[in-house]
Amino acid sequence: MTNTTDAPLYGYADLNRLMSLMTGDEKHGPAATSTLDALWVLYDRVLRVTPATADSPGRDRFLLSKGHGPMAYYAVLAARGFFGEELLAGFGAYDSPLGHHPDRLLVPGAEIGSGSLGHGLPLAVGSALGLRAQGLTEPRVWVLTGDAELDEGSNHEAIAYAGPAGLDQLHTVVIDNASATYARPGGIAARFEAAGWSALTVDGRDHESLHAAFTAPHPGRPHAVIARVATGR
């Protein structure tokens, strides 16, 4: 798959510095850092969207369902040039566009307002259906969720629908940091596979493994990548 995004203003090595600019309480640091590598690989090598094409009908859509820990998301968006790094220092402040939950009306590059768990995957299903209805077959829809979000019933309804509907434009990244309340027989991937999805499980810090899983072919089926991230990594 050819990366068609512009060169980033900053590289992966700059992300920790960018994240360090966001201070204060209510940061949900572990929730943010667990997503950092998956987000970077997506925006650096996979997603076909740039600041210049953020409103283009042909862009890929990325939906952050795990919106209660957006620090890594904001750092990656800044690194990719969607907004200047000077905004990061105001994270969570009253007059800052960068809230503790992303707001699509305020954050350049954000597709949805998120933070209340369990909504991103159903919205992604709707987005994929909308693209299909418009005859837009090239744009892809990506949604990033947490493993604990799968405790929400709305996600299971979305999973159960998307597989039989053959929504092959739909991709889900599940950050598995062992925070879910309920175990799933066979693991998270088995839940998706039982509903007709393609699913792969990889090390959520290994960029090459993430990229290979993100770009694996899955004709006629939606695709899920379960990115395992050990606590404290």
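No hydrogens, no waters, no symmetry mates; every other heavy atom, side chains included, goes into these values.
When side chains are defined from C-beta on, Glu157 does not count as touching Pro122, because their heavy atoms never get closer than 4.5 Å. Side-chain contact between Tyr74 and Leu18 is absent, with no heavy atoms from C-beta onward closer than 4.5 Å. Leu123 has its side chain out of reach of Val143: every pair of non-hydrogen atoms, C-beta onward, lies at least 4.5 Å apart. Residues Leu150 and Arg191 form no side-chain contact, since every pair of their non-hydrogen atoms from C-beta on lies 4.5 Å or further apart. Residues Trp40 and Leu210 fail the side-chain proximity criterion, which asks for heavy atoms closer than 4.5 Å.
At distances below 3.5 Å, not a single donor-acceptor pair connects side-chain atoms of His156 with backbone N or O atoms of Ser154. In this structure, Arg59 contributes its side chain and Ser56 its backbone to a donor-acceptor pair below 3.5 Å.
When every heavy atom of Ala160 is checked against every heavy atom of Pro164, the shortest pair comes out as O-CD, 3.0 Å. Nearest heavy-atom pair, Gly120 versus Leu63, reported as atom, atom and distance to 0.1 Å: O-CD2, 3.9 Å. The shortest non-hydrogen separation linking His223 to Ala199 is ND1-N, 4.3 Å. Among all heavy-atom pairs drawn from Ser114 and Leu64, the shortest one is OG-O, 2.6 Å. Leu9 approaches Gly81 most closely through the heavy-atom pair CD1-CA, 3.7 Å. Taking all atoms of both residues into account, the shortest heavy-atom contact from Leu144 to Ala38 is CD1-CB, 4.4 Å.
Here the CG-CZ distance, from Asp60 to Arg48, works out to 4.5 Å after rounding to the nearest 0.5 Å. Interatomic distance, CG of Leu88 versus CZ of Arg17, reported as 8.5 Å (0.5 Å rounding). With values rounded to the nearest 0.5 angstrom, Phe82 atom CZ is found 14.0 Å from Leu87 atom CG. In this structure, NE2 in His119 is found 9.5 Å from CD in Glu149, a value given to the nearest 0.5 Å. A distance of 12.5 Å separates NE2 of His211 from CG of Asp206, quoted to the nearest 0.5 Å. Note that OG1 of Thr145 and CG of Asp176 are 9.5 Å apart. Values are rounded to the nearest 0.5 Å.
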Show, in sequence, the C-alpha distance, side-chain angles and deciding distance for Ile188 and Thr201, and conclude whether the side chain to side chain contact (heavy atoms under 4.5 Å, CB included) test is met. CA-CA 9 Å; Ile188 294 173; Thr201 301; over 6 Å; no
Let's go through Glu111 and Ser127 carefully: what are the C-alpha distance in whole Å and the side-chain angles of both, what is the deciding distance for side chain to side chain contact (heavy atoms under 4.5 Å, CB included) to 0.1 Å, and is it a yes or a no? CA-CA 10 Å; Glu111 294 280 356; Ser127 297; over 6 Å; no
Phe91 vs His100, test: side chain to side chain contact (heavy atoms under 4.5 Å, CB included). Steps then yes/no. CA-CA 7 Å; Phe91 170 66; His100 291 121; 3.6 Å; yes
If you apply the rule side chain to side chain contact (heavy atoms under 4.5 Å, CB included), what do you find for Leu129 with Tyr161, and how did you get there? CA-CA 11 Å; Leu129 286 171; Tyr161 177 85; 3.8 Å; yes
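Ring pair Tyr73/Tyr43 is tilted by interplanar angle, where 30° to 60° counts as tilted.
Grouping the Ile, Leu, Val, Met, Phe, Trp and Tyr side chains by contacts below 4.5 angstrom, directly or via other members, places Val46 with Leu77. Note on Val225: it does not cluster hydrophobically with Leu167, by side-chain heavy-atom contacts below 4.5 Å among ILVMFWY residues. Cluster membership for Met71 and Ile112, using ILVMFWY side-chain heavy atoms within less than 4.5 angstrom, is not shared. Cluster annotation: Val141 is not connected to Phe214 through the hydrophobic network of ILVMFWY side chains, with a link wherever side-chain heavy atoms come within less than 4.5 Å. Under the 4.5 Å side-chain heavy-atom criterion for Ile, Leu, Val, Met, Phe, Trp and Tyr, Phe62 and Val174 are members of distinct hydrophobic clusters.
Annotation: Arg104, atom CZ; neighbour count of heavy atoms from other residues, nucleotides and ligands within 6.0 Å does not exceed 12. For Tyr12, the OH atom sits in a packed shell: over 12 heavy atoms of surrounding residues, nucleotides or ligands are nearer than 6.0 Å.
A salt bridge links Glu208 with Arg45: at least one charged nitrogen is closer than 4.0 Å to a carboxylate oxygen.
Between Leu15 and the options Asp37, Leu39, Leu36, Thr33, a side-chain contact (heavy atoms from CB on, under 4.5 Å) holds for only Leu36.
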